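Worksheet: the structure to be examined is printed underneath.
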Amino acid sequence: MTDRKPFVAGNWKMNKTFAEARELVAAMLKPLSGIAGVEKVLCPPFTSIPVVASMLVGADVGLGAQNMHWEEKGAFTGELSPSMVKEFCAYIIIGHSERRAYFGETDEQVNKKLHAAMKIGLVPIVCVGETLDEYESGRTGEVVSRQIKLGFAGVDFASAQRIVIAYEPVWAIGTGKASSGENANEAVKQAIRRTLSATFNEAIAQSIRVLYGGSVTGSNAPEFFSQPEIDGALVGGASLKPDEFVAIVKAAA
Ligand code: 13P
């Protein structure tokens with residue numbers, strides 16, 4: 001047994017206007033606040049971050065952004081800096097597979113963002129996971145451990161313990177075909193904790209929270225949360241449905 005605190009984050013992706021965001025948060029804030037013992041985080045699109053931040057004041061629910069640049073300022077049209085994110089948020093999603101697949105984000109860029117997040121004091125939620133092709137050819141371990149090794153390069157031991165990792169097999173994201181709890185647990189154990197142990201040490205590997213992500217719902221969440229290596233979830237589609245998201249957070253408590 002470990003004392004890792006359960007963690008559930010909702011990644012809204014590119015969904016919800018300002019007005020819709022307000023409605024969504026209003027619908028789930030009260031039930032979410034009533035659930036103790038789980039670290040809860042909402043990650044809306046940038047345009048809704050200020051309004052969600054104002055709604056979360058005094059609530060036991062954190063706020064995160066879905067992406068940021070690693071540079072502090074300058075000629076990077078369309079990007080936001082770590083300190084801009086930090087003005088409103090305590091968490092930052094880094095290296096989501098959609099950023100990697102559609103926007104060409106590399107492990108090296110993930111590493112730069114991770115260092116920038118640590119420097120400014122954001123809690124990084126670093127995403128890793130294999131594609132369907134890599135899964136089917138039995139390369140999950142190799143791919144995920146490479147993502148961890150390169151992504152975490154140069155991170156010091158003290159900082160490493162603050163990082164949250166999301167294991168999101170790409171084939172399970174938005175497909176309705178979640179991994180099985182056992183399969184995800186095995187990947188976390190063999191690919192993630194093992195690599196963390198080799199990179200840092202066993203104590204750090206055991207202290208870092210690792211989430212599962214990919215078609216998590218209120219009904220399959222208990223299967224993941226009952227696995228010894230899985231400490232919570234990074235939720236996409238179901239985080240846009242108040243009842244589903246609340247059910248997932250309850251399952252983690
Ligand atoms: P879904 O829950 O919609 O499959 O998305 C998972 C995800 O990518 C969360 O970051």
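Read the numbers this way: they start at 1 and go in the same order the structure lists the ligands and their atoms. Quantities reported herein were computed from a predicted structural model and do not represent experimental measurements.
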Can you confirm whether the side chains of [X] and [Y] place a donor and an acceptor under 3.5 Å from each other?
X	Y	value
E229	Y167	no
E105	Q109	no
S97	E168	no
E72	S83	yes

Selection from [options] by shortest heavy-atom distance to [atom]:
atom	options	result
atom 4 (O) of ligand 1	G236, G129, A9, G174	G174
atom 3 (O) of ligand 1	C43, G237, A166, P169	G237
atom 8 (O) of ligand 1	H96, E244, K177, Q66	H96

Taking 4.0 Å as the limit for heavy-atom contacts, which would you say applies to A172 with ligand 1: side chain only, backbone only, both, or neither?
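Looking at A172 and ligand 1, just backbone atoms fall under 4.0 Å.
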Have a look at ligand 1 and work out which part of N11, if any, has a heavy atom under 4.0 Å from it: side chain, backbone, both or neither.
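Side chain only.
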Check for me whether S215 has a heavy atom closer than 4.0 Å to any atom of ligand 1.
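Yes; S215 lies near enough to ligand 1 that a heavy-atom distance drops under 4.0 Å.
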Once ring pair (Phe, Tyr, Trp, His ring centres under 6.0 Å) is applied, do any residues pair with F7, and if so which ones, sequence neighbours excluded?
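Expected list: Y91.
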Please enumerate all residues that pass ring pair (Phe, Tyr, Trp, His ring centres under 6.0 Å) together with W171, with sequence neighbours excluded.
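Expected list: Y135.
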Any salt bridge linking E142 with R139? Criterion: basic side-chain nitrogen under 4.0 Å from a carboxylate oxygen.
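A salt bridge links E142 with R139.
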What atoms of ligand 1 come closer than 4.0 angstrom to any heavy atom of L234?
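Near L234, the atoms of ligand 1 are 9 (C), 10 (O).
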Using a 4.0 Å cutoff against the non-hydrogen atoms of G214, which atoms of ligand 1 qualify?
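Near G214, the atoms of ligand 1 are 4 (O), 6 (C).
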Please state which protein non-hydrogen atom is closest to atom 7 (C) of ligand 1 and give its distance, to 0.1 Å?
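For atom 7 (C) of ligand 1, the nearest protein heavy atom is E168 OE2, 3.1 Å.
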Could you tell me the residue and atom name of the protein heavy atom closest to atom 5 (O) of ligand 1, and the distance to it rounded to 0.1 Å?
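For atom 5 (O) of ligand 1, the nearest protein heavy atom comes out as K13 NZ, 3.1 Å.
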